[in-house]
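A, B, ... follow the sequence lines: proteins, then strands. Residue 1 opens every chain.
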Amino acid sequence: MDKIFSRALAPKIFVNREVLRPDYIPEQLPHREEQIKSLGMIVSVALQGERPSNLFIYGLTGTGKTAVVKYVLKRLSDKSLEFNRPVKWFYINTRIDNTSYRVFTRIGELSGLKLPFTGLSTAEVYKRVRDFLDSEKRIYIVVLDELDFLARNESDEVLYKLARINEDLTKAKVGIIGITNNIRFVENLDARVRSSLGEEEMVFPPYNAIQLEDILRERAKLAFKENSVSEEAIKICAALAAREHGDARRALDLLRIAGEIAEREQAEKVLEEHVYKAYDELEKERVIQLVSTLPFHSRIVLLSLLKMESEGVNVTTGELYMVYREISQKLGIDPVTQRRVSDIISELEALGILSARVVNRGRYGKTRILKITVNPSTLIEIFIQDPLIRDYVERELENLLTTELQDSYNTQTIDL
DNA sequence: CTTCCACCGGAAGTACCGGTAA
DNA sequence: TTACCGGTACTTCCGGTGGAAG
(Lines give C-alpha, C1' and ligand atoms only; values in the text may rest on other atoms or scores of the structure.)
Protein backbone atom coordinates (compact mmCIF):
# COMPACT_ATOMS: atom_id res chain seq x y z
CA MET A 1 0.00 0.00 0.00
CA ASP A 2 2.73 2.36 0.96
CA LYS A 3 4.29 1.89 -2.41
CA ILE A 4 1.06 2.58 -4.24
CA PHE A 5 0.37 5.70 -2.25
CA SER A 6 3.81 7.14 -2.56
CA ARG A 7 3.69 6.53 -6.25
CA ALA A 8 0.48 8.50 -6.38
CA LEU A 9 2.08 11.29 -4.44
CA ALA A 10 5.02 11.49 -6.76
CA PRO A 11 3.57 11.12 -10.23
CA LYS A 12 6.19 10.52 -12.83
CA ILE A 13 4.40 11.92 -15.82
CA PHE A 14 1.51 14.18 -14.99
CA VAL A 15 1.81 17.62 -13.55
CA ASN A 16 -1.82 18.55 -13.93
CA ARG A 17 -4.20 16.22 -15.66
CA GLU A 18 -7.12 18.59 -15.25
CA VAL A 19 -6.04 20.56 -18.29
CA LEU A 20 -6.84 17.53 -20.44
CA ARG A 21 -10.40 17.33 -19.22
CA PRO A 22 -13.10 18.43 -21.63
CA ASP A 23 -14.40 21.28 -19.47
CA TYR A 24 -11.05 22.95 -19.03
CA ILE A 25 -10.79 26.32 -20.76
CA PRO A 26 -7.19 27.06 -21.71
CA GLU A 27 -5.54 30.44 -22.05
CA GLN A 28 -4.87 29.79 -25.71
CA LEU A 29 -7.30 28.40 -28.22
CA PRO A 30 -5.22 27.56 -31.28
CA HIS A 31 -6.93 27.69 -34.67
CA ARG A 32 -9.99 29.45 -33.35
CA GLU A 33 -8.67 32.98 -33.74
CA GLU A 34 -11.21 33.80 -36.38
CA GLN A 35 -14.18 32.64 -34.34
CA ILE A 36 -12.89 34.41 -31.26
CA LYS A 37 -12.58 37.60 -33.22
CA SER A 38 -16.02 37.55 -34.74
CA LEU A 39 -17.68 36.57 -31.49
CA GLY A 40 -15.72 39.32 -29.79
CA MET A 41 -17.05 41.84 -32.31
CA ILE A 42 -20.60 40.70 -31.80
CA VAL A 43 -20.56 40.90 -28.01
CA SER A 44 -18.35 43.98 -27.72
CA VAL A 45 -21.33 46.30 -28.17
CA ALA A 46 -22.31 45.25 -24.67
CA LEU A 47 -19.55 47.54 -23.41
CA GLN A 48 -21.40 50.46 -24.91
CA GLY A 49 -24.52 49.43 -23.08
CA GLU A 50 -26.13 47.92 -26.14
CA ARG A 51 -27.66 44.49 -26.45
CA PRO A 52 -25.50 42.20 -28.61
CA SER A 53 -27.20 40.45 -31.50
CA ASN A 54 -28.63 37.09 -30.71
CA LEU A 55 -26.48 34.35 -32.11
CA PHE A 56 -26.64 30.75 -33.13
CA ILE A 57 -23.49 28.66 -33.15
CA TYR A 58 -23.23 25.35 -34.96
CA GLY A 59 -20.48 22.79 -35.05
CA LEU A 60 -19.82 19.13 -34.37
CA THR A 61 -18.72 17.94 -30.95
CA GLY A 62 -15.21 18.90 -29.97
CA THR A 63 -14.88 21.85 -32.32
CA GLY A 64 -14.37 24.34 -29.53
CA LYS A 65 -17.77 26.04 -29.46
CA THR A 66 -18.20 26.05 -25.71
CA ALA A 67 -14.56 26.89 -25.09
CA VAL A 68 -14.63 29.88 -27.42
CA VAL A 69 -17.84 31.25 -25.97
CA LYS A 70 -16.64 30.94 -22.40
CA TYR A 71 -13.26 32.34 -23.32
CA VAL A 72 -14.68 35.44 -24.97
CA LEU A 73 -17.41 36.12 -22.43
CA LYS A 74 -15.01 35.75 -19.54
CA ARG A 75 -12.81 38.43 -21.02
CA LEU A 76 -15.77 40.58 -21.85
CA SER A 77 -17.06 40.61 -18.32
CA ASP A 78 -13.56 41.25 -16.94
CA LYS A 79 -13.26 44.22 -19.24
CA SER A 80 -16.68 45.46 -18.31
CA LEU A 81 -15.74 45.54 -14.64
CA GLU A 82 -12.63 47.49 -15.44
CA PHE A 83 -14.68 50.18 -17.11
CA ASN A 84 -17.62 49.88 -14.81
CA ARG A 85 -20.02 48.92 -17.56
CA PRO A 86 -21.51 45.83 -16.00
CA VAL A 87 -21.98 42.88 -18.34
CA LYS A 88 -23.02 39.60 -16.85
CA TRP A 89 -23.27 36.25 -18.54
CA PHE A 90 -24.90 32.97 -17.65
CA TYR A 91 -23.84 29.64 -19.01
CA ILE A 92 -26.60 27.08 -19.07
CA ASN A 93 -26.20 23.57 -20.30
CA THR A 94 -29.59 22.37 -21.42
CA ARG A 95 -28.51 18.78 -21.22
CA ILE A 96 -28.70 19.29 -17.47
CA ASP A 97 -31.37 21.97 -17.26
CA ASN A 98 -33.60 20.41 -19.82
CA THR A 99 -36.94 22.10 -19.21
CA SER A 100 -37.95 25.72 -19.46
CA TYR A 101 -38.65 25.72 -15.74
CA ARG A 102 -35.12 24.64 -14.94
CA VAL A 103 -33.55 27.05 -17.38
CA PHE A 104 -35.27 30.01 -15.74
CA THR A 105 -34.53 28.81 -12.23
CA ARG A 106 -30.91 28.40 -13.22
CA ILE A 107 -30.75 31.92 -14.61
CA GLY A 108 -32.25 33.16 -11.38
CA GLU A 109 -29.81 31.17 -9.31
CA LEU A 110 -26.81 32.34 -11.29
CA SER A 111 -27.87 35.97 -10.97
CA GLY A 112 -28.25 35.59 -7.23
CA LEU A 113 -31.99 35.41 -6.90
CA LYS A 114 -33.33 33.10 -4.23
CA LEU A 115 -36.02 30.86 -5.62
CA PRO A 116 -37.90 27.99 -4.05
CA PHE A 117 -36.93 24.93 -6.08
CA THR A 118 -40.52 23.82 -6.32
CA GLY A 119 -44.00 25.15 -5.93
CA LEU A 120 -43.95 27.89 -8.53
CA SER A 121 -45.33 27.82 -12.01
CA THR A 122 -42.96 28.40 -14.90
CA ALA A 123 -44.71 31.70 -15.57
CA GLU A 124 -44.13 32.85 -11.99
CA VAL A 125 -40.47 31.90 -12.08
CA TYR A 126 -40.08 33.71 -15.36
CA LYS A 127 -41.72 36.81 -13.91
CA ARG A 128 -39.55 36.86 -10.81
CA VAL A 129 -36.35 36.31 -12.75
CA ARG A 130 -37.29 38.98 -15.24
CA ASP A 131 -38.05 41.53 -12.53
CA PHE A 132 -34.87 40.64 -10.70
CA LEU A 133 -32.76 41.13 -13.80
CA ASP A 134 -34.49 44.40 -14.50
CA SER A 135 -33.64 45.84 -11.11
CA GLU A 136 -30.40 47.21 -12.50
CA LYS A 137 -29.23 48.77 -15.72
CA ARG A 138 -27.11 46.05 -17.11
CA ILE A 139 -26.41 43.86 -20.13
CA TYR A 140 -26.94 40.15 -19.71
CA ILE A 141 -25.84 37.43 -22.06
CA VAL A 142 -27.46 34.06 -21.73
CA VAL A 143 -25.63 31.11 -23.25
CA LEU A 144 -27.70 28.01 -23.90
CA ASP A 145 -25.42 25.13 -24.71
CA GLU A 146 -26.42 21.82 -26.31
CA LEU A 147 -29.79 23.18 -27.31
CA ASP A 148 -30.66 19.98 -29.09
CA PHE A 149 -31.17 18.38 -25.70
CA LEU A 150 -34.24 20.45 -25.02
CA ALA A 151 -37.39 18.73 -26.10
CA ARG A 152 -38.94 20.32 -29.14
CA ASN A 153 -41.74 22.27 -27.46
CA GLU A 154 -39.49 23.15 -24.52
CA SER A 155 -36.90 24.74 -26.74
CA ASP A 156 -39.59 26.75 -28.50
CA GLU A 157 -40.92 27.96 -25.19
CA VAL A 158 -37.58 28.89 -23.62
CA LEU A 159 -36.21 30.56 -26.71
CA TYR A 160 -39.43 32.37 -27.43
CA LYS A 161 -39.66 33.77 -23.94
CA LEU A 162 -36.01 34.74 -23.85
CA ALA A 163 -36.18 36.32 -27.27
CA ARG A 164 -39.05 38.52 -26.18
CA ILE A 165 -37.86 39.24 -22.68
CA ASN A 166 -36.42 42.58 -23.77
CA GLU A 167 -39.89 43.90 -24.48
CA ASP A 168 -40.68 43.51 -20.80
CA LEU A 169 -37.46 45.03 -19.55
CA THR A 170 -36.94 48.70 -18.93
CA LYS A 171 -33.40 48.92 -17.59
CA ALA A 172 -31.62 45.69 -18.40
CA LYS A 173 -31.06 44.06 -21.78
CA VAL A 174 -30.58 40.41 -22.59
CA GLY A 175 -28.70 38.85 -25.49
CA ILE A 176 -28.83 35.16 -26.28
CA ILE A 177 -26.26 32.74 -27.62
CA GLY A 178 -27.55 29.32 -28.63
CA ILE A 179 -25.14 26.48 -29.26
CA THR A 180 -26.00 23.27 -31.06
CA ASN A 181 -24.24 20.28 -32.57
CA ASN A 182 -27.01 19.75 -34.99
CA ILE A 183 -27.29 22.02 -38.00
CA ARG A 184 -30.79 20.80 -38.67
CA PHE A 185 -31.89 21.84 -35.20
CA VAL A 186 -32.83 25.31 -36.34
CA GLU A 187 -34.95 23.98 -39.16
CA ASN A 188 -37.57 22.55 -36.89
CA LEU A 189 -37.74 25.53 -34.63
CA ASP A 190 -40.74 27.78 -34.40
CA ALA A 191 -40.49 30.34 -37.20
CA ARG A 192 -40.86 33.34 -34.89
CA VAL A 193 -38.07 32.07 -32.67
CA ARG A 194 -35.88 31.37 -35.62
CA SER A 195 -36.13 34.88 -36.96
CA SER A 196 -35.58 36.66 -33.66
CA LEU A 197 -32.68 34.48 -32.55
CA GLY A 198 -30.89 33.97 -35.81
CA GLU A 199 -29.67 37.54 -36.07
CA GLU A 200 -26.14 36.20 -36.34
CA GLU A 201 -24.76 32.76 -37.12
CA MET A 202 -21.41 31.12 -36.71
CA VAL A 203 -20.15 27.76 -37.88
CA PHE A 204 -17.27 25.93 -36.25
CA PRO A 205 -15.53 23.62 -38.71
CA PRO A 206 -13.85 20.42 -37.48
CA TYR A 207 -10.14 20.51 -36.78
CA ASN A 208 -7.75 18.72 -39.08
CA ALA A 209 -4.92 16.51 -37.84
CA ILE A 210 -2.33 19.26 -37.89
CA GLN A 211 -4.49 21.64 -35.93
CA LEU A 212 -5.24 18.93 -33.42
CA GLU A 213 -1.53 18.40 -32.96
CA ASP A 214 -1.11 22.05 -32.05
CA ILE A 215 -3.90 21.86 -29.55
CA LEU A 216 -2.47 18.75 -27.99
CA ARG A 217 1.02 20.18 -27.79
CA GLU A 218 -0.27 23.28 -26.11
CA ARG A 219 -2.09 21.27 -23.48
CA ALA A 220 0.59 18.66 -23.08
CA LYS A 221 2.96 21.40 -21.96
CA LEU A 222 0.68 22.10 -19.03
CA ALA A 223 -0.44 18.61 -18.28
CA PHE A 224 2.79 16.68 -18.36
CA LYS A 225 6.27 17.01 -17.06
CA GLU A 226 8.80 18.19 -19.55
CA ASN A 227 9.84 15.60 -22.11
CA SER A 228 7.45 12.99 -20.89
CA VAL A 229 5.36 12.83 -24.05
CA SER A 230 6.83 11.61 -27.27
CA GLU A 231 6.16 13.55 -30.43
CA GLU A 232 4.80 10.39 -32.07
CA ALA A 233 2.28 9.92 -29.30
CA ILE A 234 0.87 13.35 -29.98
CA LYS A 235 0.79 12.80 -33.70
CA ILE A 236 -1.09 9.57 -33.32
CA CYS A 237 -3.63 11.04 -30.94
CA ALA A 238 -4.27 13.78 -33.46
CA ALA A 239 -4.45 11.41 -36.40
CA LEU A 240 -6.86 9.05 -34.65
CA ALA A 241 -9.15 11.90 -33.63
CA ALA A 242 -8.96 13.55 -37.04
CA ARG A 243 -10.10 10.34 -38.59
CA GLU A 244 -13.41 10.77 -36.81
CA HIS A 245 -14.51 14.28 -37.75
CA GLY A 246 -11.74 16.18 -35.94
CA ASP A 247 -13.05 16.01 -32.42
CA ALA A 248 -10.65 17.79 -30.09
CA ARG A 249 -12.37 16.39 -27.05
CA ARG A 250 -11.63 12.92 -28.26
CA ALA A 251 -8.01 13.76 -28.98
CA LEU A 252 -7.60 15.10 -25.46
CA ASP A 253 -9.32 12.08 -23.96
CA LEU A 254 -6.94 9.84 -25.84
CA LEU A 255 -3.93 11.72 -24.59
CA ARG A 256 -5.18 11.76 -21.02
CA ILE A 257 -5.91 8.04 -20.96
CA ALA A 258 -2.62 7.30 -22.66
CA GLY A 259 -0.93 9.28 -19.90
CA GLU A 260 -2.78 7.37 -17.25
CA ILE A 261 -1.77 4.09 -18.81
CA ALA A 262 1.83 5.18 -19.05
CA GLU A 263 1.75 6.24 -15.43
CA ARG A 264 0.22 2.94 -14.38
CA GLU A 265 2.94 1.09 -16.24
CA GLN A 266 5.52 3.31 -14.60
CA ALA A 267 6.87 4.36 -17.95
CA GLU A 268 9.11 7.39 -18.23
CA LYS A 269 7.28 8.76 -21.19
CA VAL A 270 3.97 8.55 -23.01
CA LEU A 271 4.69 6.53 -26.12
CA GLU A 272 2.82 5.37 -29.19
CA GLU A 273 1.93 2.08 -27.61
CA HIS A 274 0.19 3.86 -24.77
CA VAL A 275 -1.93 5.82 -27.21
CA TYR A 276 -2.94 2.65 -29.01
CA LYS A 277 -3.87 1.07 -25.73
CA ALA A 278 -5.87 4.13 -24.81
CA TYR A 279 -7.60 3.98 -28.16
CA ASP A 280 -8.55 0.36 -27.60
CA GLU A 281 -9.83 1.19 -24.16
CA LEU A 282 -12.02 4.02 -25.39
CA GLU A 283 -13.17 1.98 -28.32
CA LYS A 284 -14.16 -0.86 -26.04
CA GLU A 285 -16.15 1.52 -23.89
CA ARG A 286 -17.89 2.86 -26.94
CA VAL A 287 -18.79 -0.60 -28.21
CA ILE A 288 -20.13 -1.70 -24.85
CA GLN A 289 -22.21 1.43 -24.64
CA LEU A 290 -23.53 0.94 -28.16
CA VAL A 291 -24.26 -2.74 -28.08
CA SER A 292 -25.87 -2.75 -24.68
CA THR A 293 -28.57 -0.38 -25.90
CA LEU A 294 -29.19 -2.33 -29.08
CA PRO A 295 -32.62 -3.87 -29.69
CA PHE A 296 -32.79 -7.59 -29.12
CA HIS A 297 -32.90 -8.75 -32.72
CA SER A 298 -29.99 -6.51 -33.62
CA ARG A 299 -27.93 -8.36 -31.08
CA ILE A 300 -28.93 -11.70 -32.52
CA VAL A 301 -27.99 -10.49 -35.98
CA LEU A 302 -24.63 -9.45 -34.63
CA LEU A 303 -24.24 -12.75 -32.87
CA SER A 304 -24.99 -14.59 -36.12
CA LEU A 305 -22.37 -12.58 -37.94
CA LEU A 306 -19.89 -13.27 -35.19
CA LYS A 307 -20.50 -16.99 -35.45
CA MET A 308 -20.08 -16.97 -39.21
CA GLU A 309 -16.91 -14.92 -39.10
CA SER A 310 -15.43 -17.34 -36.62
CA GLU A 311 -15.94 -19.97 -39.29
CA GLY A 312 -14.12 -17.71 -41.69
CA VAL A 313 -16.26 -17.01 -44.73
CA ASN A 314 -17.40 -14.04 -46.74
CA VAL A 315 -20.79 -13.32 -45.25
CA THR A 316 -23.65 -12.08 -47.40
CA THR A 317 -27.05 -10.86 -46.27
CA GLY A 318 -28.81 -14.03 -47.36
CA GLU A 319 -26.44 -16.39 -45.61
CA LEU A 320 -26.55 -14.25 -42.52
CA TYR A 321 -30.31 -14.44 -42.52
CA MET A 322 -30.19 -18.23 -42.66
CA VAL A 323 -27.91 -18.41 -39.65
CA TYR A 324 -29.99 -15.81 -37.89
CA ARG A 325 -33.12 -17.93 -38.32
CA GLU A 326 -31.30 -20.97 -37.08
CA ILE A 327 -30.13 -19.21 -33.94
CA SER A 328 -33.56 -17.72 -33.34
CA GLN A 329 -35.03 -21.18 -33.47
CA LYS A 330 -32.52 -22.55 -31.00
CA LEU A 331 -33.24 -19.68 -28.67
CA GLY A 332 -36.96 -20.13 -29.16
CA ILE A 333 -37.65 -16.65 -30.52
CA ASP A 334 -39.77 -15.53 -33.45
CA PRO A 335 -37.39 -14.30 -36.14
CA VAL A 336 -38.02 -11.01 -37.90
CA THR A 337 -38.29 -10.78 -41.67
CA GLN A 338 -35.36 -10.49 -44.00
CA ARG A 339 -36.45 -6.98 -44.88
CA ARG A 340 -36.06 -6.00 -41.26
CA VAL A 341 -32.69 -7.72 -40.98
CA SER A 342 -31.62 -5.70 -43.99
CA ASP A 343 -32.47 -2.53 -42.08
CA ILE A 344 -30.75 -3.81 -38.96
CA ILE A 345 -27.61 -4.33 -41.00
CA SER A 346 -27.80 -0.74 -42.19
CA GLU A 347 -28.27 0.45 -38.64
CA LEU A 348 -25.29 -1.50 -37.39
CA GLU A 349 -23.28 -0.12 -40.25
CA ALA A 350 -24.24 3.43 -39.34
CA LEU A 351 -23.10 2.78 -35.79
CA GLY A 352 -19.76 1.60 -37.07
CA ILE A 353 -20.11 -1.88 -35.66
CA LEU A 354 -19.89 -3.58 -39.01
CA SER A 355 -19.05 -2.73 -42.58
CA ALA A 356 -21.36 -3.61 -45.44
CA ARG A 357 -19.96 -3.48 -48.93
CA VAL A 358 -22.41 -3.78 -51.81
CA VAL A 359 -21.22 -6.20 -54.47
CA ASN A 360 -22.70 -7.30 -57.77
CA ARG A 361 -22.07 -10.88 -58.61
CA GLY A 362 -23.89 -10.71 -61.92
CA ARG A 363 -25.83 -13.86 -62.54
CA TYR A 364 -25.48 -14.63 -58.83
CA GLY A 365 -27.21 -11.48 -57.75
CA LYS A 366 -26.45 -8.36 -55.82
CA THR A 367 -25.82 -8.41 -52.10
CA ARG A 368 -23.81 -6.90 -49.29
CA ILE A 369 -20.68 -8.44 -47.86
CA LEU A 370 -20.57 -8.02 -44.11
CA LYS A 371 -17.65 -7.69 -41.76
CA ILE A 372 -17.47 -6.88 -38.09
CA THR A 373 -15.32 -3.81 -37.53
CA VAL A 374 -15.01 -3.95 -33.77
CA ASN A 375 -13.10 -6.27 -31.52
CA PRO A 376 -15.01 -9.58 -31.42
CA SER A 377 -13.86 -10.39 -27.92
CA THR A 378 -15.57 -7.26 -26.66
CA LEU A 379 -18.78 -8.45 -28.29
CA ILE A 380 -18.46 -11.83 -26.67
CA GLU A 381 -17.97 -10.21 -23.30
CA ILE A 382 -21.21 -8.35 -23.81
CA PHE A 383 -23.14 -11.38 -25.05
CA ILE A 384 -22.03 -13.40 -22.06
CA GLN A 385 -23.77 -10.85 -19.85
CA ASP A 386 -27.07 -11.46 -21.57
CA PRO A 387 -28.95 -14.30 -19.88
CA LEU A 388 -30.84 -15.24 -23.03
CA ILE A 389 -27.83 -15.43 -25.27
CA ARG A 390 -25.27 -16.63 -22.80
CA ASP A 391 -25.93 -20.36 -23.00
CA TYR A 392 -25.83 -20.31 -26.75
CA VAL A 393 -22.51 -18.50 -26.80
CA GLU A 394 -21.00 -20.90 -24.34
CA ARG A 395 -22.20 -23.90 -26.29
CA GLU A 396 -21.64 -22.87 -29.88
CA LEU A 397 -18.86 -20.35 -29.74
CA GLU A 398 -16.51 -21.86 -27.23
CA ASN A 399 -13.74 -21.63 -29.77
CA LEU A 400 -14.11 -17.87 -29.60
CA LEU A 401 -13.94 -17.82 -25.85
CA THR A 402 -10.30 -18.70 -25.98
CA THR A 403 -7.78 -15.95 -26.23
CA GLU A 404 -6.58 -16.59 -29.76
CA LEU A 405 -8.62 -13.76 -31.21
CA GLN A 406 -7.93 -11.31 -28.45
CA ASP A 407 -4.79 -9.74 -29.77
CA SER A 408 -5.29 -10.15 -33.46
CA TYR A 409 -7.66 -7.23 -33.45
CA ASN A 410 -5.54 -4.46 -32.08
CA THR A 411 -5.69 -1.09 -33.73
CA GLN A 412 -3.93 -1.13 -37.01
CA THR A 413 -1.04 1.29 -36.90
CA ILE A 414 -1.81 4.41 -38.81
CA ASP A 415 0.37 6.02 -41.35
CA LEU A 416 1.52 9.43 -40.30
C1' DC B 1 -28.47 -8.09 -76.33
C1' DT B 2 -31.41 -10.26 -72.96
C1' DT B 3 -32.18 -12.71 -68.81
C1' DC B 4 -32.22 -13.24 -64.27
C1' DC B 5 -30.15 -13.74 -59.60
C1' DA B 6 -30.23 -12.14 -54.85
C1' DC B 7 -30.72 -9.04 -52.99
C1' DC B 8 -31.63 -3.52 -52.10
C1' DG B 9 -34.52 -0.11 -50.31
C1' DG B 10 -38.94 2.88 -50.72
C1' DA B 11 -43.82 3.19 -49.12
C1' DA B 12 -47.44 2.36 -46.23
C1' DG B 13 -49.26 0.33 -42.48
C1' DT B 14 -49.65 -2.10 -37.56
C1' DA B 15 -48.53 -2.86 -32.72
C1' DC B 16 -46.76 -1.24 -28.69
C1' DC B 17 -44.78 1.85 -25.26
C1' DG B 18 -43.76 5.94 -22.53
C1' DG B 19 -44.88 10.51 -21.77
C1' DT B 20 -48.04 14.44 -21.67
C1' DA B 21 -52.24 17.31 -21.75
C1' DA B 22 -56.89 17.47 -20.39
C1' DT C 1 -57.78 8.71 -15.06
C1' DT C 2 -57.91 8.77 -19.68
C1' DA C 3 -57.34 10.11 -24.32
C1' DC C 4 -53.88 11.32 -27.32
C1' DC C 5 -49.32 11.80 -29.50
C1' DG C 6 -44.89 10.64 -31.20
C1' DG C 7 -41.32 7.41 -31.62
C1' DT C 8 -39.59 2.72 -32.30
C1' DA C 9 -39.67 -1.91 -34.02
C1' DC C 10 -41.49 -4.49 -37.12
C1' DT C 11 -44.60 -6.29 -41.53
C1' DT C 12 -46.17 -6.65 -46.17
C1' DC C 13 -45.75 -5.51 -50.74
C1' DC C 14 -43.10 -4.43 -54.47
C1' DG C 15 -40.42 -1.98 -57.99
C1' DG C 16 -35.40 -1.53 -58.96
C1' DT C 17 -30.55 -2.98 -60.20
C1' DG C 18 -25.42 -4.28 -61.98
C1' DG C 19 -23.30 -7.40 -64.38
C1' DA C 20 -22.10 -12.71 -65.29
C1' DA C 21 -24.21 -16.09 -68.02
C1' DG C 22 -26.46 -17.51 -71.98
Side-chain angles (χ1 to χ4, degrees), chain A residues 94-105 117-126 146-161 180-191 193 289-305 307-309 311 313-373 379 382-383 386-389:
Chain A
T94 52
R95 191 203 292 248
I96 298 155
D97 297 310
N98 57 1
T99 63
S100 48
Y101 184 86
R102 284 197 210 152
V103 169
F104 287 121
T105 354
F117 55 84
T118 181
L120 298 181
S121 67
T122 309
E124 177 64 21
V125 173
Y126 167 76
E146 306 199 79
L147 266 177
D148 14 5
F149 278 87
L150 280 176
R152 198 194 176 302
N153 45 355
E154 291 285 342
S155 58
D156 279 351
E157 158 140 21
V158 173
L159 294 177
Y160 186 64
K161 278 204 166 133
T180 162
N181 298 326
N182 182 357
I183 307 237
R184 295 225 319 276
F185 172 80
V186 183
E187 284 171 23
N188 39 22
L189 216 53
D190 188 298
V193 174
Q289 184 68 33
L290 237 47
V291 175
S292 57
T293 60
L294 237 40
F296 186 69
H297 287 286
S298 306
R299 287 166 173 239
I300 305 297
V301 168
L302 205 50
L303 176 62
S304 315
L305 181 53
K307 179 178 195 298
M308 296 175 81
E309 276 201 359
E311 288 153 11
V313 270
N314 268 356
V315 183
T316 66
T317 308
E319 294 162 35
L320 176 73
Y321 188 63
M322 289 297 141
V323 174
Y324 162 80
R325 285 194 77 104
E326 196 183 296
I327 293 181
S328 299
Q329 204 205 337
K330 282 189 184 154
L331 294 175
I333 317 154
D334 286 349
V336 298
T337 54
Q338 178 156 353
R339 179 69 188 83
R340 176 61 189 145
V341 169
S342 171
D343 276 347
I344 287 177
I345 290 169
S346 306
E347 288 161 24
L348 292 174
E349 187 190 18
L351 291 173
I353 297 175
L354 57 77
S355 73
R357 192 164 43 92
V358 182
V359 288
N360 290 296
R361 297 174 305 178
R363 174 102 261 203
Y364 305 106
K366 181 191 190 186
T367 185
R368 285 182 289 186
I369 291 196
L370 283 6
K371 271 216 173 65
I372 293 181
T373 55
L379 292 179
I382 299 166
F383 289 146
D386 188 320
L388 262 164
I389 305 178

Might you work through the side chain to side chain contact (heavy atoms under 4.5 Å, CB included) test for Thr317(A) and Ile369(A), ending with a clear yes or no?
-> CA-CA 7 Å; Thr317(A) 308; Ile369(A) 291 196; over 6 Å; no
Check whether the side chains of Ser342(A) and Arg368(A) place a donor and an acceptor atom closer than 3.5 Å, and report yes or no.
-> yes
When the distance from [atom1] of [X] to [atom2] of [N] is rounded to whole Å, what number comes out?
{"X": "Ile345(A)", "N": "dA6(B)", "atom1": "CD1", "atom2": "P", "value": "16 Å"}
{"X": "Tyr101(A)", "N": "dT20(B)", "atom1": "OH", "atom2": "P", "value": "16 Å"}
{"X": "His297(A)", "N": "dT11(C)", "atom1": "NE2", "atom2": "P", "value": "7 Å"}
{"X": "Arg340(A)", "N": "dG10(B)", "atom1": "CZ", "atom2": "C1'", "value": "15 Å"}
{"X": "Phe296(A)", "N": "dA9(C)", "atom1": "CZ", "atom2": "C1'", "value": "14 Å"}
{"X": "Gln338(A)", "N": "dC10(C)", "atom1": "CD", "atom2": "P", "value": "15 Å"}
{"X": "Leu294(A)", "N": "dC10(C)", "atom1": "CG", "atom2": "P", "value": "10 Å"}
{"X": "Asn360(A)", "N": "dG18(C)", "atom1": "CG", "atom2": "C1'", "value": "4 Å"}

Report yes if a side-chain nitrogen or oxygen of [X] is closer than 4.0 Å to either non-bridging phosphate oxygen (OP1 or OP2) of [N]; otherwise report no.
{"X": "Thr337(A)", "N": "dT11(C)", "result": "yes"}
{"X": "Thr316(A)", "N": "dC7(B)", "result": "yes"}
{"X": "Arg368(A)", "N": "dG9(B)", "result": "yes"}

Using 4.0 Å as the upper bound for N to carboxylate O, is an ion pair formed by Glu349(A) and Arg357(A)?
->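 Looking at Arg357(A) and Glu349(A), the cut-off is not met.
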Are there more than 12 heavy atoms of other residues, nucleotides or ligands under 6.0 Å from atom CD of Glu311(A)?
-> yes
Could you tell me whether a side-chain N or O of Ser304(A) sits under 3.5 Å from a main-chain N or O of Ile300(A), the two making a donor and an acceptor?
->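 Confirmed, Ser304(A) side chain pairs with Ile300(A) backbone.
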What is the nucleic acid contact for Thr317(A), judged by heavy atoms within less than 4.0 Å: base, sugar-phosphate only, or nothing?
-> sugar-phosphate
Tyr364(A) side chain: which of dA20(C), dC10(C), dG18(C) is closest?
->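 Nearest listed nucleotide: dA20(C).
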Which of these nucleotides, dT12(C), dC10(C), dG22(C), is closest to any side-chain atom of Arg363(A)?
-> dG22(C)
Please state whether the base of dG10(B) and the side chain of Arg339(A) form at least one donor-acceptor pair under 3.5 Å?
-> yes
5'-most by nearest nucleotide on DNA chain B - Ser342(A) or Gly365(A) =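 Whichever sits nearer the 5' end wins; that is Gly365(A).
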